[in-house]
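Down below is the structure, laid out as structure tokens.
Nothing here was measured: the structure is a model prediction, and the numbers come from that model.
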Amino acid sequence: MKGLKPTLLALCVAGVPPAAVAEIQMLDDSAMGMITGQAGVTIELETKLNIDRFIYTDEGSMEINDIFVGGTNRSDLFPELGVNLMGGAAQETDLLDNVRIEIDILSDGDAIINVLPQMFGAVDLRVSTGAWNLTGTGGSTTILDNFNADILMGGANIEIDADTDVMNLRTDIAVDDMDFDMPFMALGIRDFRLTGNTYDPVRNKNIPDLFAKVDLDIYKRANSLGVDSLAIDLNSFNADITIGGVLVGGTSIGSVFMDDLAITNTQLLVYGH
């Protein structure tokens with residue numbers, strides 16, 4: 001009964017008939033430990049996020065303007081498939097919806113979190129921003145602008161191992177369209193697409209092959225100086241990438257296709273300096 005204040009407990013007991021109070025038996029810690037949930041927790045999510053400005057400051061600052069995270073407001077992602085991949089959530093909306101989060105704690109203390117569509121299909125997600133500016137005493141530089149990405153997520157699985165303190169993330173994602181500009185390089189990217197490495201929009205339009213698969217571990221590891229750092233291991237990432245237009249100085253210089261891109265055994269350490 002650690003979480004219940006004595007005064008609140010007294011009020012609760014005061015409202016119970018005396019005959020019933022006689023049958024109440026307090027549980028000790030051992031008995032309390034035998035009471036466990038049976039089916040975990042399920043959360044159905046519907047939301048959208050707007051941030052006018054995010055600022056990270058070191059000696060100078062980086063600011064990201066007009067951040068939006070929500071739904072794509074589209075029902076025609078990957079139109080060559082000829083189906084609405086959002087399943088029963090066919091309505092066009094700017095909400096991040098059709099999301100079900102299932103949380104289970106196993107007997108060994110491991111946590112399992114599954115993020116899935118509520119209905120058959122996938123979760124549509126739009127991420128967009130305005131200008132990314134570097135600012136300081138020397139002035140301001142815009143490194144990124146007009147960013148917009150329409151994404152489909154087939155599902156995600158997060159496992160936190162209580163013995164190793166490692167969080168494993170696996171997810172299936174596909175990008176139908178992403179555009180952005182890099183003004184300081186006079187460079188623009190148009191119609192960026194990311195799919196699974198076996199997906200072919202003409203010959204192999206199988207929905208399971210649409211999604212690129214990402215598998216990574218996140219945990220704590222010491223760097224070369226013995227300082228605890230954030231470790232991110234990208235175990236595998238396999239995808240095909242298409243860029244419809246590469247702009248230099250506002251003029252297209254052509255398109256790009258990367259077939260069967262594989263990134264494996266990649267390790268990152270993040271720490272302050």
Applying side-chain hydrogen bond (donor to acceptor under 3.5 Å, both in side chains) to S75 and N84, what does each step give before you reach the verdict? CA-CA 6 Å; S75 58; N84 173 25; 5.3 Å; no
A side-chain contact here means heavy atoms from C-beta on lying under 4.5 Å apart; do [X] and [Y] qualify?
X    : Y    : value
L95  : N73  : no
D94  : F68  : yes
D176 : R193 : yes
E159 : I112 : yes
I143 : P183 : no
V246 : V256 : yes
F78  : L85  : yes

Does a side chain donor of either [X] or [Y] reach within less than 3.5 Å of an acceptor in the other side chain?
X    : Y    : answer
D215 : S236 : no
R221 : N223 : no
N238 : D260 : no
D161 : N168 : no
T142 : N133 : yes

With clusters built from Ile, Leu, Val, Met, Phe, Trp and Tyr whose side-chain heavy atoms come within less than 4.5 Å, directly or transitively, what are the remaining members of the cluster of V166, listed by chain and number?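 Besides V166, the cluster holds Y219.
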Check side chain to side chain contact (heavy atoms under 4.5 Å, CB included) between I241 and all other residues, then give those that pass, not counting sequence neighbours.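 I241 satisfies side chain to side chain contact (heavy atoms under 4.5 Å, CB included) with F192, L194, I243, M258, L261 once adjacent residues are dropped.
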Heavy-atom closest contact ([X] atom, [Y] atom, distance):
X    : Y    : result
M153 : F211 : C-CE2, 4.1 Å
T72  : L125 : CG2-O, 3.5 Å
Y199 : N206 : CD1-O, 3.9 Å

Do I113 and L116 belong to the same hydrophobic cluster, where Ile, Leu, Val, Met, Phe, Trp and Tyr are linked whenever their side-chain heavy atoms lie under 4.5 Å apart, directly or via other members?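 I113 does not cluster with L116.
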My understanding is that only one of D181, D179, D177 makes a salt bridge (charged side-chain N to carboxylate O under 4.0 Å, His left out) with R190; could you say which?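 Exactly one option meets the salt bridge (charged side-chain N to carboxylate O under 4.0 Å, His left out) with R190, and it is D181.
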Report, as yes or no, whether the 6.0 Å neighbourhood of atom CG on D52 holds more than 12 heavy atoms from other residues, nucleotides or ligands.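 No, not enclosed.
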